[in-house]
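Please read the structure below before turning to the comments.
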Amino acid sequence: MSGNEEPRVLGFLCNWCAYAGADLAGVSRLQLPANFCVIRTMCSARTEPLFLFKALLGGMDGVLVAGCHPGDCHYQRGNYFTRRRLVMVQEILKALNMEHERVRLHWISASECSLYQKVLTEFIEDLKGMERNVARDEVFL
Amino acid sequence: MNARVGVYVCECGNNISDQVDIAALVPMLEGAPGVVKVMSHRLLCSKEGQEFLAEEVRKEGLTHLVVAACSPRQHLPTFMEVCKRGGLNPYLMQMANIREQCAWVTSDRHEATEKAARMIRAAIARVVRQAPLPEREVEANPDVIIIGGGLSGTVTASMLAGPERRVHVVDRNPALAVALTSLKGVETHGGCEVEAVRGFFGNFEVELASKGSRQEVRVGAMVVCTGSRAMTLQEMGYPGSEAPHVVVLPQDPESLRPYLDALPSGQPKVMFVHCAGRERVGYCSGVCCLRSFKAMRWMAETAPNAQLSCLHQDICVPGRDGEREYQGILGIGARMTWGRLTALAQQGPQVTVSFRREDGSIGQDAADLVILVPATVPNHGARALIDIIGVEAGPAGFVEEAHPMLEPVSTSVKGIYVAGSASGPRDGRATSLLSLAAAAQIAAELRPGKTLRLEAQTSQVCEALCTGCRNCMTVCTYGAIEYDLVAQTCRVNETICRGCGNCVAACPSEAISVKGATYQQILQEIKEAVR
Ligand SMILES: Cc1cc2nc3c(=O)[nH]c(=O)nc-3n(C[C@H](O)[C@H](O)[C@H](O)COP(=O)(O)OP(=O)(O)OC[C@H]3O[C@@H](n4cnc5c(N)ncnc54)[C@H](O)[C@@H]3O)c2cc1C
Ligand code: SF4
Ligand code: SF4
Ligand code: SF4
Ligand code: FES
């Protein structure tokens, strides 16, 4: 990242696994970057592709989508659909000449608070190595 | 009517206020669109806190409420109840999780305060777009159908049947146990199988078919008790297993008697081979070692001359009595050998048993009778039944539990339960425990005379926008969406919908949305969160 600004990330976490894992990170007092905010969805499959673009166009440097591990989705198979949609979003980002790594998908269970911390910290580190998200000043949400 | 949003920030004792500067936070929120009051409180979930909040809703005439406190996973139901007491529809409230996901994870106090403000503004932006949702209830049929009248079917039926609840037991076997047929309140359907299932928890229609006749039964819940079976010699596929002196351990050792009578006199050798078929199925059935030891003990008493031996891999005898059984077998002089069966061959009067040792070398032994202790596999017809009733199956073909630890007798379909060995190999004790659990869960969830509360945040289709592409229908794993042939649009069956939102993300026309999590509601939350 140019400048000394910290990258900003928005997370979409499913209620049953990833969001619970994020809660456990709090209960375990794991420290996380402050430039990170969470939107709770019932299932990762509620995260429609448009939300991810809105977040990137609205000023985020990265978007994290996290849900239950394959086979563990509270709604049976929602996360398999999420996985396909995320691939599609990344393809669109490539076509727009944007770094597709700005959108990431991870499976995080309710007990994997350390994984959650690791994923987030690494994401922010990687974003620091990227150019600033140009879209964020040019297009209005 | 203009929105009157009240924002209440909980300090959670010191849990939140230690890290979030409440005095600085409150003024940051005042003046947000629609907000008429911002106030902090020491402990909102305490009895006093709840009463205070309900009174505030009433006194201030709030139209929307934001509670900035702990995780909604902890206290959302609490504060929804508070809303009701204050006369506010509970779906007009949002929680901002400034404890677990802010105060407790942010080391810098200033940053934590900023983040809390952002989270609360996002919650405000969302809450003003929320709409009141009705609590929905349906009449439920308390009757239950049990598929399979073996051990688990009998236990479950005997616990559930009563004056207020009729229990139907279907078994494809025409001869059902007297223990079942004599139960009051139980209607048995011997020689029948399930043909089709329609409906949902509380209101299922189950079609039964027997030779030449059909029948429809209406129930509120179903229990799958179809059991499991022993793997056959053919399925195990060991070379030479067609040898006449090779037999699969039957459920009742008494059926081995003809083989014992045919043994040569003197000191005939009888070999028990554990884990038969284990490599093929890919799991340890867990119940076979003990079963084998019991049969060996029976044999030592019935044919005292026989020299017993046992070819085994691991010895799996958990539980209170397991070790005692094992020591008992050593006590009667059974010879234990570690090895994996590779082949069998009848050579003269004896069977040669080839096996691979732990170090990879091949060993051989001979016996007059070889008893294969079989792996447990799903019952015949399990796959067809699973498809008919629409539950998920695990990789081995057993009915899959909703959660192995938390929901061991629920399936992927609400209102369809599973007990006994239909969900995996079980001994009699585990079978009974699961059956009692299924009966208890049904008794709690399907109480006679009580209505069922339905998910309020279901999805709905705007017919004017729907193009009838049926994408939503394809992705819904619950079959909650129907296609209306006349209107050529889709429609959600709100009794089945769970509100996951998968269909919404799949719709190319923004025609379908989940109530309480619509596009606009989430978008406004995003806008504030990224600001
Ligand atoms: C060889 C063997 C030895 C065993 N020895 C012991 C032991 O010593 N101690 C012990 O504790 N446990 C033992 N068990 C385990 C015990 O038998 C099981 O735990 C118990 O019987 C399981 O009960 P269940 O109700 O799940 O199945 P079952 O008792 O097998 O009942 C299943 C019923 O469902 C019916 N059915 C199946 N499919 C359908 C269908 N599609 N439609 C309609 N009806 C259907 C069947 O006709 C049957 O009546 C043994 C099991 C085996 C295989
Ligand atoms: S409502 Fe939540 S944050 Fe407030 S005191 Fe209770 S537990 Fe703590
Ligand atoms: S919200 Fe989920 S359960 Fe309801 S109709 Fe859509 S995909 Fe099906
Ligand atoms: S995906 Fe949307 S447009 Fe297509 S049928 Fe469903 S509701 Fe209608
Ligand atoms: S509920 Fe977590 S991914 Fe579906």
Side-chain angles (χ1 to χ4, degrees), chain A residues 6 8-16 19-20 22-52 54-60 63 71-82 85 110 113 117 120 136 141, chain B residues 15 70-74 76 95 97-108 110-115 118-119 122 126 392 394-395 400 402-403 412-413 455 457 459 474-478 498-507 510 514 516-517 519 522-523 525-531:
Chain A
E6 282 284 313
R8 300 177 62 200
V9 174
L10 186 68
F12 291 89
L13 310 189
C14 85
N15 180 59
W16 304 98
Y19 193 89
D23 276 354
L24 189 63
V27 174
S28 316
R29 304 298 199 278
L30 303 181
Q31 295 306 295
L32 301 172
N35 278 338
F36 174 69
C37 238
V38 165
I39 307 284
R40 182 176 70 109
T41 59
M42 290 317 277
C43 176
S44 68
R46 174 66 190 92
T47 308
E48 51 191 287
L50 211 46
F51 290 157
L52 309 182
K54 292 283 185 186
L56 288 177
L57 299 181
M60 291 292 107
V63 185
D72 285 349
C73 173
H74 188 74
Y75 305 96
Q76 300 179 359
R77 287 191 294 272
N79 46 5
Y80 296 137
F81 293 95
T82 312
R85 288 179 192 132
C113 54
Q117 183 191 39
L120 201 56
R136 77 183 219 186
L141 182 74
Chain B
N15 277 304
C70 49
S71 172
R73 290 181 54 89
Q74 172 142 11
L76 189 66
M95 285 186 77
N97 182 356
I98 61 166
R99 192 180 72 173
E100 281 86 342
Q101 301 201 12
C102 179
W104 282 352
V105 291
T106 315
S107 44
D108 183 285
H110 175 69
E111 282 182 351
T113 310
E114 291 275 331
K115 178 171 177 178
R118 197 164 351 116
M119 293 170 83
R126 177 157 179 178
E392 297 269 317
E400 182 100 314
H403 193 285
S412 58
V413 178
E455 174 64 59
Q457 296 180 310
S459 63
T474 327
V475 303
C476 178
T477 47
Y478 297 100
R498 304 269 191 108
C500 67
N502 194 2
C503 54
V504 184
C507 177
E510 276 184 45
V514 191
Y519 176 73
I522 298 180
L523 181 66
E525 185 183 358
I526 294 174
K527 276 194 184 181
E528 283 303 325
V530 305
R531 195 179 291 274

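These numbers were taken from a predicted model, which means no experiment stands behind them. In what follows, chains are A, B, ... by sequence order, proteins preceding strands, each numbered from 1.
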Between Leu30(A), Thr82(A), Leu24(A), Asp72(A), which residue shows the highest count of heavy-atom pairs closer than 4.5 Å to chain B?
Leu30(A)

If you count heavy-atom pairs under 4.5 Å with chain B, which of Met42(A), His74(A), Gln31(A), Glu48(A) comes out on top?
Gln31(A)

So for Arg99(B), is it side chain, backbone, both, or neither that comes closer than 4.5 Å to the heavy atoms of chain A?
neither

Look at Ala402(B), Cys70(B), Pro72(B) and state which one has the largest set of heavy-atom pairs under 4.5 Å with chain A.
Pro72(B)

Can you check whether Ala45(A)'s main-chain N or O pairs, donor with acceptor, with Arg85(A)'s side chain at less than 3.5 Å?
yes

Side-chain donor or acceptor of Lys115(B) paired with backbone N/O of Gln101(B) under 3.5 Å
yes

So which part of Glu525(B) gets closer than 4.5 Å to some heavy atom of chain A, the side chain, the backbone, both or neither?
both

What orientation do Phe12(A) and Phe51(A) show, parallel under 30°, tilted 30 to 60°, or perpendicular over 60°?
parallel

Checking Asn15(B) against chain A: side chain, backbone, both or neither under 4.5 Å from a heavy atom?
side chain

Shorter than 4.5 Å, heavy atoms on both sides: which option in Arg118(B), Glu111(B), Glu400(B), Arg498(B) has the most such pairs with chain A?
Arg118(B)

Counting distance only, does the side-chain N/O of Arg8(A) pair as donor-acceptor with the main-chain N or O of Glu6(A) below 3.5 Å?
no

Please walk me through it: do Asn15(A) and Arg46(A) pass side-chain hydrogen bond (donor to acceptor under 3.5 Å, both in side chains)?
CA-CA 11 Å; Asn15(A) 180 59; Arg46(A) 174 66 190 92; over 6 Å; no

Side chains of Leu523(B) and Leu50(A): closer than 4.5 Å at any heavy-atom pair?
no

Where does Glu528(B) contact chain A at under 4.5 Å (heavy atoms): side chain, backbone, both or neither?
neither

